[in-house]
Amino acid sequence: MKKEFKMSQSRFDELQTELNFLKTTRSDEVAEMIKVARGFGDLSENSEYDEAKNEQGKLYSRINELENVLLHAVIIEEGDMPTDRVTIGSTVTVTDVKRGKNRKFRIVGSQEADAMNGIISEDSPFGKALMGAREGQQVTVVAPAGEIQYTVDKIER
């Protein structure tokens, strides 16, 4: 079974726009880089040509990745999700039971995650632990530093 990539409609649209840009504008730019680099002569010692071919490889790799993600995308309609438990699209306030420190996180699909800004994937260990939890419930997150207990304080949409 192929992996599904859960995401919002806006994220799907962003990825589609990026794919279109890469297939048109960026592809033309890289082709021009290769053409110019070939004009410098001997390809065996032509660093500009090597760099342009590397860029072309990165471009094709990203295009393939985006096509795969978009092909297997599942659009999550947040309005259809239950509000009494943590699901994709929930904003969750949790308290670390041991430290008493609370934090707020937004749960999203893997293609939208930005952990540094409190936007975590439902596929991450923290996201997996929170999925389905209700307010007042304790969850255990298995982290590299060991197990951490959190209490779900608030679930918002």
Side-chain angles (χ1 to χ4, degrees), residues 1-83 85-94 96 101-133 139 141-146 148 150 154-157:
M1 184 175 155
K2 294 280 186 179
K3 178 170 175 36
E4 291 181 341
F5 298 96
K6 298 175 185 170
M7 65 186 74
S8 64
Q9 182 65 52
S10 64
R11 181 61 177 162
F12 181 88
D13 294 343
E14 287 173 14
L15 294 177
Q16 186 66 54
T17 299
E18 180 183 354
L19 179 61
N20 291 339
F21 169 77
L22 293 178
K23 284 184 160 184
T24 57
T25 306
R26 187 65 185 142
S27 182
D28 292 345
E29 291 171 354
V30 171
E32 183 62 26
M33 288 170 57
I34 292 170
K35 180 181 171 185
V36 168
R38 281 185 177 176
F40 292 140
D42 184 11
L43 298 182
S44 65
E45 295 181 16
N46 188 334
S47 64
E48 287 86 359
Y49 180 76
D50 291 341
E51 185 177 326
K53 291 300 280 185
N54 284 337
E55 190 63 31
Q56 183 182 47
K58 289 183 212 174
L59 173 67
Y60 289 161
S61 176
R62 181 64 178 156
I63 287 172
N64 287 334
E65 177 186 6
L66 287 173
E67 287 176 337
N68 182 53
V69 168
L70 293 170
L71 180 65
H72 298 102
V74 175
I75 307 300
I76 302 299
E77 297 295 334
E78 293 180 20
D80 297 341
M81 300 300 239
T83 57
R85 58 188 167 92
V86 177
T87 60
I88 292 179
S90 298
T91 299
V92 186
T93 304
V94 297
D96 182 325
K101 183 178 176 184
N102 68 344
R103 293 194 57 197
K104 189 181 270 193
F105 297 96
R106 180 160 167 77
I107 310 298
V108 296
S110 61
Q111 294 297 308
E112 298 177 80
D114 182 1
M116 298 303 290
N117 291 308
I119 302 170
I120 58 171
S121 166
E122 45 117 11
D123 288 333
S124 70
F126 194 70
K128 285 179 181 177
L130 286 173
M131 290 298 286
V139 297
V141 177
V142 180
I148 305 169
Y150 290 94
K154 189 175 183 181
I155 301 170
E156 303 171 82
R157 281 267 166 223

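Because only heavy atoms are used, hydrogens play no part in the values below, and waters and symmetry mates are left out as well, while side chains stay in. Owing to the predicted nature of the structure, the values given are computational and were not obtained by experimental measurement.
Looking at residues two or more places apart in sequence or on another chain, you find a ring pair (Phe, Tyr, Trp, His ring centres under 6.0 Å) between F126 and F105, Y150. A search for side chain to side chain donor-acceptor pair (under 3.5 Å) contacts involving R38 returns nothing, not counting sequence neighbours.
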Quiz item: Do T93 and E156 pass the side chain to side chain contact (heavy atoms under 4.5 Å, CB included) test, and can you show the C-alpha distance, the side-chain angles, and the key distance before you say yes or no?
Solution: CA-CA 8 Å; T93 304; E156 303 171 82; 4.3 Å; yes
Quiz item: Which is it for V74 and F5 under the side chain to side chain contact (heavy atoms under 4.5 Å, CB included) test, yes or no, and what are the steps along the way?
Solution: CA-CA 6 Å; V74 175; F5 298 96; over 6 Å; no
Self-check item: Full working for side chain to side chain contact (heavy atoms under 4.5 Å, CB included) between L70 and Q16
Solution: CA-CA 7 Å; L70 293 170; Q16 186 66 54; 3.5 Å; yes
Quiz item: Can you list the steps and then say if D13 with Q9 is a side chain to side chain contact (heavy atoms under 4.5 Å, CB included)?
Solution: CA-CA 6 Å; D13 294 343; Q9 182 65 52; 2.9 Å; yes
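The line from CG of L66 to CG of L71 is 12.0 Å long, rounded to the nearest 0.5 Å. The line from OG of S8 to CD1 of I76 is 9.5 Å long, rounded to the nearest 0.5 Å. Distance OG1/T17 to CG/L22: 11.0 Å, rounded to 0.5 Å. With values rounded to the nearest 0.5 angstrom, E112 atom CD is found 12.5 Å from K6 atom NZ. Here CG of N20 is found 11.0 Å from CG of L15. Values are rounded to the nearest 0.5 Å. The CG atom of L130 sits 5.0 Å away from atom CD1 of I107, with the distance rounded to the nearest 0.5 Å.
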Show me the side-chain donor-acceptor pairs of residues 116-124 shorter than 3.5 Å, one per line, residues at least two apart or across chains.
from	atom 1	to	atom 2	distance (Å)
N117	ND2	D114	OD1	3.4
N117	ND2	D114	OD2	2.6
S121	OG	D123	N	2.9
D123	OD2	K3	NZ	3.1
S124	OG	S121	O	2.8
S124	OG	G127	N	3.0

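Considering all non-hydrogen atoms of both residues, I88 and G109 come closest at CG2-N, 4.1 Å. Shortest non-hydrogen contact noted between R106 and G89 is NH1-O, 2.7 Å. Nearest heavy atoms, V30 versus A52: CG1-O, 4.0 Å. Residues V139 and A133 approach most closely at CG1-CB, 3.8 Å, considering heavy atoms. Closest heavy-atom contact between A37 and E48: CB-C, 3.6 Å.
Two residues are said to be in side-chain contact when any heavy atoms from C-beta on lie closer than 4.5 Å; M131 and K128 fail this criterion. Taking the side chain as every heavy atom from C-beta outward, E29 and E32 never approach each other to under 4.5 Å. Between R11 and V108, every side-chain heavy-atom pair lies at or beyond the 4.5 Å cut-off.
Ion pairing of E18 with R26 is absent here, as no side-chain N (NZ or NE/NH1/NH2) approaches a carboxylate O to less than 4.0 Å.
Around OH of Y60, the count of heavy atoms belonging to other residues, nucleotides or ligands within 6.0 Å does not exceed 12. Annotation for R103: atom CZ does not count as buried by contact number, only 12 or fewer foreign heavy atoms lying within 6.0 Å.
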